[in-house]
> 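Next up is a structure, given as structure tokens.
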Number of protein chains: 2
Amino acid sequence: MESRSELELLVLGIVWKQGPLTAHAVRMEFTHSKSSHWSGSAGAIYPLVRRLEQAGLIAGADERRGRQDRRVLRITPAGRSALRAWLRPPFPDELFTVQYDPIRIRLYFLGLLPAEQQGQFLDAMEQGLSAQLPALEADRDAYLAQGWLHSSLANDGILAVRRAQLEWIAKARALLDRLGESKG
Amino acid sequence: MESRSELELLVLGIVWKQGPLTAHAVRMEFTHSKSSHWSGSAGAIYPLVRRLEQAGLIAGADERRGRQDRRVLRITPAGRSALRAWLRPPFPDELFTVQYDPIRIRLYFLGLLPAEQQGQFLDAMEQGLSAQLPALEADRDAYLAQGWLHSSLANDGILAVRRAQLEWIAKARALLDRLGESKG
DNA sequence: CCGCTCATGTAACTGGTTACATGATTTA
DNA sequence: TAAATCATGTAACCAGTTACATGAGCGG
């Protein structure tokens, strides 16, 4: 069993959950997604889909639509089995290590800025993190309305993390403000 | 002004904060880090340091240690300036998009498993996420003891996110348990 | 019939990784 | 004196990206 990338399993999951669909539709899942970790570029998706098909995890069928063919993808029993294995132990350590956060890595070095600009940085982070909250809440409701319980739960994770980050930023600012005052 | 990768700015920040140090010491920052996003591989760090030096953002000086030379890195005024610019608006959208989370992307597809194994998945996530909490709290204290306020604040972000994730998982399990009972 | 979306694909590039290689220095 | 660590580096690879290319179908 060759080890597959996280993106490959994610695409397999999309084919399972949203399928049958075309590779193009898979791509749209990425381009419309609020996450920017993967772009869903054609150069990534089309070869990847081909690999999954060659491995027997998905099956593509040429469907006529007007004069043109489009390849419609379905998950196979082997694909479902691979997806299940991905959701069962053993899990790679990667799941539990500290994840990448471009805001946090900047915060490590915020002391380089004068106090006033530190406040401006935190303001900008607070604003940026809040901006998408309504849209994310709408997504959660949309998942629920469709009866996609697990997607809704997953989406709750985004909201939980974001709210925690907002509290974190607010606390940092409160602390830095207090320090600034006692000095000035 | 050529645009630099996030890793380049992070290394620049390390040189500012921990410097003067060797490229090898920079590498150790990554290999000992709880985050696994970058490995700090030699093939990444040495060419990167060379690029930063050629751009005038850091300055390397050959120091004698015994019979061997080692190159000690210091940040330059231009480097400090680049680091400040990185901490000031405008910020790329990337900072505010939903970040990669391998636990969350699995949760989207958890419905593929039978209820019992869904519970096992959530158990494993809870355990994995909790395991490093004491070590992360120790880091925070160590930063404070050293007077590195901003590093400590940044580290608080890791803790805040992790605790939020734990609550999120606990809520998901409570919900799924309730649903399972009402069915059985 | 024009522009947008659907649909599939490739070529060149990029920012990393793994694995390998070398040699001095320090520690048990 | 052997093993671990410090220190620097390169070659081959890899999983993605950007940009480009083609063409059919569809709505105004």
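Predicted model only: the values in this text are computed from it and were never measured. Proteins get letters first, then strands, A, B, ... in listed order; numbering begins at 1 in each.
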> Please report, rounded to the nearest Å, how far the P atom of dG23(D) is from the CG atom of D69(A).
16 Å
> By nearest heavy atom, map P47(B) and L48(A) onto DNA chain D; which one lands nearer the 5' end?
P47(B)
> Nearest to the A44(A) side chain among dG16(D), dT8(D), dT18(C), which nucleotide is it?
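Between dG16(D), dT8(D), dT18(C), the one nearest the side chain of A44(A) would be dG16(D).
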> Of the options dT10(D), dT17(C), dT17(D), whose atoms approach the side-chain atoms of S41(B) most closely?
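When the side chain of S41(B) is considered, dT17(C) is the closest of dT10(D), dT17(C), dT17(D).
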> Counting only heavy atoms and a strict 4.0 angstrom limit, can you tell me which residues of residues 4-21 of chain A come near DNA chain D?
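Nucleic-acid contacts, sorted: S5(A), L7(A).
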> Name the orientation class of the two ring planes belonging to W86(A) and F109(B) (parallel below 30°, tilted from 30 to 60°, perpendicular beyond 60°).
tilted
> Let's see if you can work this out: which of dA7(D), dG9(D), dT17(C) has an atom nearest to the side-chain heavy atoms of T22(B)?
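The answer is dA7(D).
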> Pull out every residue in residues 23-31 of chain A that has a heavy atom closer than 4.0 Å to any atom of DNA chain D, ordered by number, or say none.
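Nucleic-acid contacts, sorted: none.
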> Counting the atoms with a prime plus P, OP1 and OP2 as sugar-phosphate, which does R51(B) contact under 4.0 Å by heavy atoms, base, sugar-phosphate, or nothing?
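Touches nothing.
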> Can you tell me if Y46(B) touches the phosphate of dG9(D), counting only side-chain N or O atoms and a distance under 4.0 Å to OP1 or OP2?
no
> So that I can tick it off, tell me whether R163(B) and E137(B) are bridged by a salt bridge, with the cut-off set at under 4.0 angstrom between side-chain N and carboxylate O.
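A salt bridge is present here (some side-chain N lies under 4.0 Å from a carboxylate O).
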> Without decimals, in angstroms, what is the distance between H32(B) NE2 and dC6(D) P?
7 Å
> Counting heavy atoms from C-beta on, name the nucleotide in dG16(C), dT8(D), dG9(C) closest to the side chain of R70(B).
dT8(D)
